[in-house]
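Take a look at the structure set out below.
Ligands are counted one by one from 1 in listed order, and the atoms in each one are counted from 1 as well. Residue numbers run from 1 in the order of the sequence given.
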Amino acid sequence: MSLIKQLDPSTILQIAAGEVIERPASALRELLDNALDAGAENIDIVLEKGGKSFISVADDGKGMDEADIKLSPKLHTTSKINTINDLNNLHTFGFRGEALASLAEVSTLTIASRQAVSEHGYEYSLAFGQESPIKPKGMNKGTSVVIENLFQNLPARLKFLGADTGEYRACLGEFLKKALAYPQIGFKLSHNNETSYNLAPASELFCRILDIFPNTPLQAFHYQQDDILVYGFCSPPSWYRPTRSHQYFFVNNRAIEWAPLRGQIAAAYGNLLPPGKFPACFIYVQLQPSFADFNVHPQKKEIRFQNERLISDCVRRAIRDGINLTAVSPTESSFSTSQASPVQQEPSVKREPKPFLYLPQKVYPSSGQKKQEAPSFQKSYRIEKQANLFVKTSSTEHTLSLAQKLLYARQAGQIFHTYLIFDEGLQVTLVDFHALHERIRYEKLLVQKNIGIEQRNLLIPQSFVFPKVDADLLEKNAEAFNFLGFSLTRIGETEFSTDTLPVFLDSSQAEVILLDLFHLMEDSPSFNDSSLWDRACKSIACKGSVKSGDKLSAVEVEALLQQWHELGCPQSCPHGRPIAVSWEKTFFDKAFKRLGF
Ligand code: ADP
Ligand code: MG
C-alpha cells in the first residue's frame, strides 16, 4: 500500500498558515500591512492577552465592497498584483494573497468593511474555515478585521506561544515598526483595555521618533547616490544604549532585518563608541522596487538587494554625515552632506529632515504640541536677521544681550572641538560651549536646592562598587544622595545600585560624579549647607555637560544661546572661566596691516 497520500485542502492550508502566521505578532503585522495598503490615515489596534485571544485592527482606508469582502479570505486572492512581473514594481506590502486566507483557517476571523460610496458596510465571519453568511453592518468607511482565539484548533501551535507579556512585546515590536515607518499616520494601540500608545499624525519624522523614544538626541542625515536615498536620524557618539533597542532600518517604509546593517553602523561610528554600546539609528532607505527583492522571506522580514555593496556604502556614509554634522548657519543649507545632491526622487513619506539635537530639557512635547513649542524667539530673529543683517536700527530701544546678538550673527563653525565662532559683521566672538553648557546646567540645578535634584528613572539599575569603609559611610548617608538624584540601595558588602540619576546626568558619567559627591560628603555630610550644595551642583553640572569634542548642530547652538539669554547671560562658567571672548574686526585689520596703526 502506498504511504504517500494527497493531504486534504484544509490541512494544506493549516500548514501554509503556519509559515505566514507564527504568532499573534505576525497576524498583527499582516493586518497592519493591509490597512496601510488600503490607504488608511488612522489605525486603531486593540489586543487582549498579548493578542492570543483577541486582535482587532480598524482602519479608515478605502474599504471593500460586498464581493471583495467575500473573496478576500480565499487563498491567493489579492488586489495587489496580477502577474509575477508586478513584483518588480511593488508598491504595496501585500501581494501573496495568503494572510487573510491563513487567518481564516486558524482563528475566528471577522471582516467588516465599508466603502465610502456604499450606504452601509458588511460583516463576514469565518470560524476556523467555517463561514457564516455575510450581513449588512452600519459602520464608518474603512475596514476592521478581528481575530479571535488564534490557533485554538491547532494545539501543537498553541503550545509554542509564549506568555501574554512575551506575545504582547512581539506585537508591540511590529506596531512600533509601522508607527516609525508612517509618521504621517495616526496609530493607537491598547492592550487589555489600557491605552499603550496614542500617536497623533506627525508632520515631521523626528516628532514621531521622539513620541516613541522621548529624550533621544537625534541628528538628521540625508544622503543620495544614484537612485538610492538614505535619510534618518542617529545619536551623537556620546549617547548610546546597552542594546540595539533604538536601531531601526526601513526600505521603502518596510522594516527590514538586514544582516550587514550592524557592521555599517559600527563602521560609521568607528571607535567613537565604547565596545558593546549601541547608538540610536533610525535609517530610511528609498529605492526603486526593482532594486530589491522583498519576496525572499515568508514574512517579508528580509530583503535581497541587487547591489548590496552600494546600499552598504550609502548607509554608512549617510550615518557618518549624521555623526559629523557640523554647525552650519541656519540660513545656509540645513545639511553638511557635501555629497548629497538635490533630491530628485521624492520619497513617499513627505518630509524635510532638519538637523535636530536634544538639549537637556526635561521632556519632549508630543508631536501635536511640537509646532507651537518651536522656539518662536529664534524664528522671529531668523526672519529679522535676513531683513536687516547687521543694520543697527535706531528704533531698537532695549539693548540686546550677547546671546541675542549671537543669535543674529552667522555661525561660522567650530574650532579645536571647543569654541564656536560667530561672525557678527564688525566683531568676531568665540564661545566656549562647554563652559556655557556647564553654566546652564549649574543654574538649573542650583534652584532645586529646597526640593532636591530632579531624578530620572533608569530602565536598568546602575551599580557601583565602593571600598568597604566608604560603603558604610555611603549607606549611612543614602538620604543625602537621594536628595541629589541617586536612589542608592546597598546590594552587597561593597556594591550599591541606583534606579535613578540626576536628571541631566548621562549614565556614563554617573560613577565619576558619585565619587566626586562622595568626597564632598566626607567633608560634611549634609547638602543643605549652601556652599556644599553649590559644590555638588558644580560637580554634576560640569562633569555631565557637553564635552569638548562633541559637535553641535546649528539648532543645538541656537537653543544653547537661547537658554543663555534666558538666564540673563552670565559671562563665566561656574568655575569662573569666561564663556565668550570677542575681537573687533579692527584687531584683524591691524594684524593684517589693512588699517593704519
Ligand atoms: P494581500 O495583502 O497579499 O493581497 P491578504 O490576504 O492580506 O492578501 O488580503 C487579501 C485582499 O483583501 C487584499 O489584496 C485586499 O484587496 C483586501 N483587503 C485586506 N485587508 C484590507 C483592508 N484593511 N482594507 C481594504 N482591503 C483589504
Ligand atoms: Mg496582506
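- Residue contacts with ligand 1 for Val145 are absent, since no atom lies close enough (heavy atoms, distance under 4.0 Å).
- Looking at ligand 1, you'll find an N or O of Thr143 within less than 3.5 Å of one of its N or O atoms.
- For residues 162-172, every residue pair satisfying the side-chain hydrogen bond (donor to acceptor under 3.5 Å, both in side chains) rule, not counting sequence neighbours, is listed here: Arg23-Glu167, Lys52-Asp164, Tyr168-Ser196.
- For Gly63, no nitrogen or oxygen atom sits less than 3.5 Å from a nitrogen or oxygen atom of ligand 1, counting backbone and side chain alike.
- The aromatic rings of Phe187 and Phe175 lie perpendicular to each other, with more than 60° between the two planes, well past the 30° mark.
- For the pair Arg241 and Phe278, the cation does not sit on the ring face, since its NZ or CZ is not both under 6.0 Å from the ring centre and inside 45° of the axis.
- In terms of N/O distances under 3.5 Å, ligand 1 is not approached by Ala101.
- Counting only residues at least two apart or in different chains, salt bridge (charged side-chain N to carboxylate O under 4.0 Å, His left out) contacts with residues 137-151 comprise Glu123-Lys137.
- Residue Ala99 approaches ligand 1 through these ligand atoms, each under 4.0 Å from one of its heavy atoms: 6 (O), 7 (O).
- Considering each of Glu98, Met64, Lys62, Lys74, the one bringing a non-hydrogen atom nearest atom 27 (C) of ligand 1 is Met64.
- Remark: ligand 1 and Glu30 share no N or O pair separated by less than 3.5 Å (distance only, no angle test).
- Between Arg254 and Asp33 there is no salt bridge, since no side-chain nitrogen of the basic residue lies less than 4.0 Å from a carboxylate oxygen of the acidic one.
- You'll find the ring centres of Phe282 and Phe250 outside the 6.0 Å limit.
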